[in-house]
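Presented below is the structure to which this report refers.
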Amino acid sequence: MPLDFALIAHQESWKAAADVLSVLRGPGLPPILDLDLRELFAWIPPRTVCRVELTSSLGHSVQGVYIDAFIPPDRLGYEFRQENIARVRAAAAYAIKEGAKIVSLGGFSSILIEGDSALLPDAGDTVFTTGNTLTVSLIVQGILAMCAAQGRELREATLLIVGASGDVGSGCARCLAPLVKRVVLNARALDRLNTLAGELRSGGAEVEVSVDLQQLSNQADIVICVASLESPSLLLKQLRPNAIVCDAGYPKNLSPAAGDEDCTLFFGGLGQVTGGMRFEPDVHRVLHHHPFPNIAQGCMLEGMVLALEGRFEPFSHGRGFITPERVHEMGAIAARHGVQLAPFHNANGAVQEALHTTQEQTR
Ligand SMILES: NC(=O)c1ccc[n+]([C@@H]2O[C@H](COP(=O)([O-])OP(=O)(O)OC[C@H]3O[C@@H](n4cnc5c(N)ncnc54)[C@H](OP(=O)(O)O)[C@@H]3O)[C@@H](O)[C@H]2O)c1
């Protein structure tokens, strides 16, 4: 029977990779040694890890599969690009063979092919979406909700976006620039930042551009981190006291060594499925390390909510085409099926406490 959707994924750490492999090996076997895992992993062809069922709050369900592309977590760098593209192509071919009507390209699988499904095998009736429009929607919802909860005036805020010239970063910039006082755009290449800055300025926004992250980070009240980093290595120094920081990278952008800056940090771009999500075998805890149930990344959720909506179309594709109108449309589709902003959390668990404390302070 044709599947409604497929999700193409890869793991962001060796711990997560080991967990996925243990699911595939089945119960009762001793854990695989770390050295063996690292040697073996790159040789595993893409394959289904589990079946997934997602239920709309309207009552109906869709069925799909979670396919791991088996990109080794320490080989996301540019030097491995060609071999990783081959893995994404193989995972896409697998999804097509499974008969998926729509495929979400999770994490680096869309970055590697720059959202261009023409680089994937001939798809027949299968369509691909990067999932980045729902990701942007959830990041923007998170910023608005956190600012509201902390009594912050968005109009008075300076917003810094790290990875601003990327697909997710530019989508966030287009949505939020009209709402804040000033936007600071950061990435490594100046030309793409300047193009985006010109576009935002023509819409009336106050925009600054910098390739030197630390130079302007002390001016930011809100920071969105959406750089395509191969590991969590970003250090934000000299943040403003009480800055709001949203890390939506996969792998995460911020280094765990970033320490305890006086800021509210939450993981962004995540949604919660209120109608329920079922995995067969039950690997939810293996795949998603969140302190709340039924949480998934926006990029994964987008294909699933489009399937619930019966819209089998490449909603998000290419790079730099995400507009506020499309973000609004995708947010409305997700909301209709009960996919909402995930509760605020980070590596230490829920951030509600931080929220309440700050609310007390602002009273
Ligand atoms: N939470 C979710 O559900 C979700 C969904 C989709 C994507 N993501 C994650 O979001 C991030 C961005 O994805 P994308 O599709 O927008 O990628 P993208 O289009 O490739 O853009 C990446 C951006 O990061 C910048 N960048 C790369 N290295 C950098 C560095 N060292 N310092 C500063 N900027 C740097 C790039 O510009 P330069 O090359 O000029 O530096 C570019 O602006 C990735 O981590 C991805 O996995 C998360």
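Read the numbers this way: they start at 1 and go in the same order the structure lists the ligands and their atoms.
Leu159 contributes atom CG, which lies 7.0 Å from atom CD1 of Ile143 (distance to the nearest 0.5 angstrom). Rounding to the nearest 0.5 angstrom, the gap separating the CZ atom in Arg188 from the CG atom in Asp212 is 14.5 Å.
Counting heavy atoms from C-beta on, the side chains of Ile96 and Phe128 come closer than 4.5 Å. Side-chain atoms of Val209 and Leu196, non-hydrogen and from C-beta on, never get closer than 4.5 Å to each other. Side-chain contact check for Gln297 versus Leu270: some heavy-atom pair is nearer than 4.5 Å. Taking 4.5 Å as the limit, some side-chain heavy atom of Leu7 sits within range of a side-chain heavy atom of Met304.
Nearest protein heavy-atom neighbour of atom 47 (O) of ligand 1: Tyr250 O, 2.6 Å. Of the protein's non-hydrogen atoms, the one nearest atom 34 (N) of ligand 1 is Ala187 CA, 3.5 Å. Protein heavy atom at the shortest distance from atom 14 (P) of ligand 1 is Val168 CG2, 3.9 Å. Ranking the protein heavy atoms by distance from atom 8 (N) of ligand 1 puts Ala248 O, 3.8 Å first. The shortest contact between atom 6 (C) of ligand 1 and any protein heavy atom is with Asn132 OD1, 3.3 Å. When only non-hydrogen protein atoms are considered, atom 4 (C) of ligand 1 lies nearest to Thr135 CG2, 3.5 Å. Given atom 32 (N) of ligand 1, the protein heavy atom at minimum distance is Arg188 CG, 4.0 Å. If you check which protein heavy atom lies closest to atom 42 (C) of ligand 1, you get Gly166 N, 3.6 Å.
Applying the 4.0 Å criterion to heavy atoms of Leu229 picks out, from ligand 1, the atoms 28 (N), 29 (C), 30 (C), 31 (N). Interface of Gly298 with ligand 1, defined as ligand atoms under 4.0 Å from a residue heavy atom, comprises 3 (O). For ligand 1, the atoms sitting less than 4.0 Å from at least one non-hydrogen atom of Arg319 are 15 (O), 18 (P), 19 (O), numbered in the order shown with element in parentheses. Within ligand 1, the atoms closer than 4.0 Å to a non-hydrogen atom of Ser165 are 37 (O), 42 (C), 43 (O), numbered from 1 in the order shown. Close contacts between ligand 1 and Asn186 involve ligand atoms 33 (C) [criterion: under 4.0 Å to a heavy atom].
Using a 4.0 Å cutoff on heavy atoms, Gly268 counts as a contact of ligand 1. The closest approach between any non-hydrogen atom of Gly131 and ligand 1 is not below 4.0 Å.
Annotation: Ser228 places an N or O atom under 3.5 Å from an N or O atom of ligand 1; distance criterion only. Inclusion of Phe108 in the set of residues having an N or O under 3.5 Å from an N or O of ligand 1 is not warranted.
His60 places no side-chain N or O within 3.5 Å of a backbone atom of Leu58 that could act as its donor or acceptor partner. Under a 3.5 Å cut-off, the side chain of Arg89 and the backbone N or O of Leu119 do form a donor-acceptor pair. Looking at Ser110, its side chain never comes within 3.5 Å of a backbone N or O of Thr130 through a donor-acceptor pair.
Relative to the six-membered ring of Phe70, Arg87 misses at least one condition, a distance below 6.0 Å or an angle of at most 45° to the axis.
Exactly one of Ser137, Ser104, Ser316 qualifies for a side-chain hydrogen bond (donor to acceptor under 3.5 Å, both in side chains) with Glu302. That residue is Ser316.
The proximity of Arg192 to ligand 1, defined as any non-hydrogen pair under 4.0 Å, is limited to the side chain.
Among Leu76, Ile111, Leu185, the residue whose heavy atom lies nearest to atom 17 (O) of ligand 1 is Ile111.
Following chains of ILVMFWY side-chain contacts shorter than 4.5 Å, one can reach Leu24 starting from Val52, so the two form part of one hydrophobic cluster.
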